[in-house]
Amino acid sequence: MKSLDALISAAVDHLAATRNAVALTGAGISIESGIPAFRGKGGLWERFDPMEIAHIDALVRDPARVWKLLVKDLKEIMDRAAPNDGHKGLARLEQLGILQTVITQNVDGLHQMAGNTDVIEFHGSFAWQRCMQCGRRVETRAVDASVLPPRCACGGVLRPDAVFFGEMIPPMALWRSQETTAACEVMLVVGTSAIVQPAASMPLIAKENGAVVIEINPEATPLTGVVSDILIPGKAGDIMNRILAQLENAR
Ligand code: APR
């Protein structure tokens with residue numbers, strides 16, 4: 001088995017040789033910013049059944065309950081969250097001309113805050129709420145959540161502009177993700193369990209089109225050893241710092 005240093009060096013070699021890398025990120029990259037992941041120890045789905053709380057049918061049936069158990073707490077955590085070294089590392093990779101696009105399953109806006117300019121929000125965003133009646137969009141931070149569920153001026157219920165289970169991926173996000181993925185030379189897969197489709201198919205599309213797939217994750221995933229060429233075991237912030245240190249050194 002290769003040492004961590006050897007794995008990082010291998011990743012650095014691939015990154016240094018491309019100007020067309022794409023990142024696919026998941027909840028794991030935001031854990032170091034204080035936002036809980038979904039699966040694994042401490043994950044949200046340890047406390048809740050996602051089908052009871054994050055499915056569109058649950059939202060339509062009882063929006064107050066979904067707001068109370070899921071949305072309100074997440075909104076408060078996300079309002080306070082700031083990018084960590086994992087997000088900052090991806091922003092630096094863009095500045096260096098290596099990384100073109102971040103495809104994220106996260107709804108926290110931290111990649112944009114860190115400075116990445118092309119972020120595809122595959123599962124939408126918590127920064128905005130959408131009226132379930134008239135479709136009007138309002139910024140989440142302007143929403144008064146003291147009475148649940150919050151309502152639009154028209155009286156309709158406001159819901160996060162994010163993708164619930166049972167809903168379609170925003171078509172433009174899906175299309176652009178497939179296009180950028182198929183064209184990239186290196187795909188960095190950071191902090192995702194890679195089991196929720198269709199996001200989990202992006203590394204496969206990258207691989208089939210000749211890209212090198214590099215995972216950063218403390219745990220192995222279904223991609224590991226099958227789709228990904230390299231798994232760098234560790235936390236996103238620490239590993240990104242080590243990758244960047246080597247890349248900057250080599251310049
Ligand atoms: N750095 C990097 N990865 C980490 C870290 C860390 N510090 N800590 C944990 N991880 C990894 C875990 O090992 C796991 O593989 O992050 C991953 C988090 O997995 P999930 O919680 O399943 O998150 P994600 O893959 O984004 O989930 C996909 O499922 O329910 C949904 O819609 C939700 O977008 C989400 C989708």
Side-chain angles (χ1 to χ4, degrees), residues 4 7-8 11 23-56 58-59 66 69-71 74 77-78 81 83-90 102-111 114 119-127 159-170 173-174 177 187-204 213-228 230-244:
L4 187 57
L7 293 169
I8 289 174
L24 171 70
T25 67
I29 198 171
S30 291
I31 288 180
E32 291 162 75
S33 295
I35 301 173
F38 299 96
R39 294 169 189 81
K41 202 163 165 284
L44 281 176
W45 303 156
E46 213 174 44
R47 281 191 288 150
F48 304 115
D49 174 353
M51 294 305 136
E52 286 290 316
I53 194 130
H55 194 283
I56 183 62
L59 180 68
V66 171
L69 294 178
L70 181 70
V71 183
L74 278 183
I77 292 170
M78 284 180 197
N84 64 56
D85 288 350
H87 303 102
K88 289 177 196 165
L90 292 181
V102 177
I103 303 165
T104 188
Q105 297 163 88
N106 300 344
V107 295
D108 53 32
L110 293 180
H111 288 300
V119 180
I120 301 175
E121 293 182 310
F122 204 82
H123 290 162
S125 164
F126 253 50
R159 58 156 291 177
D161 205 5
V163 178
F164 279 60
F165 284 105
E167 291 191 298
M168 302 262 295
I169 302 301
L174 181 58
S177 297
M187 173 164 264
L188 281 178
V189 182
V190 190
T192 176
S193 58
I195 56 175
V196 174
Q197 294 292 354
S201 294
M202 296 305 140
L204 188 62
V213 177
I214 302 168
E215 280 186 277
I216 300 175
N217 195 316
E219 311 280 340
T221 75
L223 303 175
T224 310
V226 182
V227 173
S228 59
I230 302 172
L231 165 69
I232 309 179
K235 294 183 176 179
D238 178 40
I239 302 296
M240 285 308 302
N241 283 343
R242 295 174 71 158
I243 288 176
L244 258 312

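Counting starts at 1 for both ligands and their atoms, following the listed order. Every value quoted in this text rests on a predicted model; they were computed, and no experiment measured them.
- For the pair G43 and ligand 1, no heavy-atom separation below 4.0 Å is found.
- The closest protein non-hydrogen atom to atom 1 (N) of ligand 1 is A236 N, 2.9 Å.
- Salt bridge annotation for R159-E167: present, with a cationic side-chain nitrogen under 4.0 angstrom from a carboxylate oxygen.
- Residue contacts with ligand 1, taken as heavy atom pairs separated by less than 4.0 Å, involve T192 via backbone and side-chain atoms alike.
- Close approach of ligand 1 to E32 is summarised as follows: ligand atoms under 4.0 Å from at least one heavy atom of the residue are 1 (N), 6 (C), 7 (N).
- For atom 28 (C) of ligand 1, the closest non-hydrogen atom on the protein side is Q105 OE1, 3.3 Å.
- Counting atoms of ligand 1 from 1 in the listed order, those under 4.0 Å from a heavy atom of G26 are 26 (O).
- Side chains of N217 and T221 form a contact here, defined as non-hydrogen atoms less than 4.5 Å apart.
- Looking at atom 27 (O) of ligand 1, its nearest protein heavy atom turns out to be R39 NH1, 3.2 Å.
- Nearest to atom 17 (C) of ligand 1 among the protein's heavy atoms is G191 O, 3.5 Å.
- Contact between W45 and ligand 1 is present, with at least one heavy atom of the residue lying under 4.0 Å from the ligand.
- Proximity of H123 to ligand 1, defined as any heavy-atom pair under 4.0 Å, is confined to the side chain (atoms from C-beta onward).
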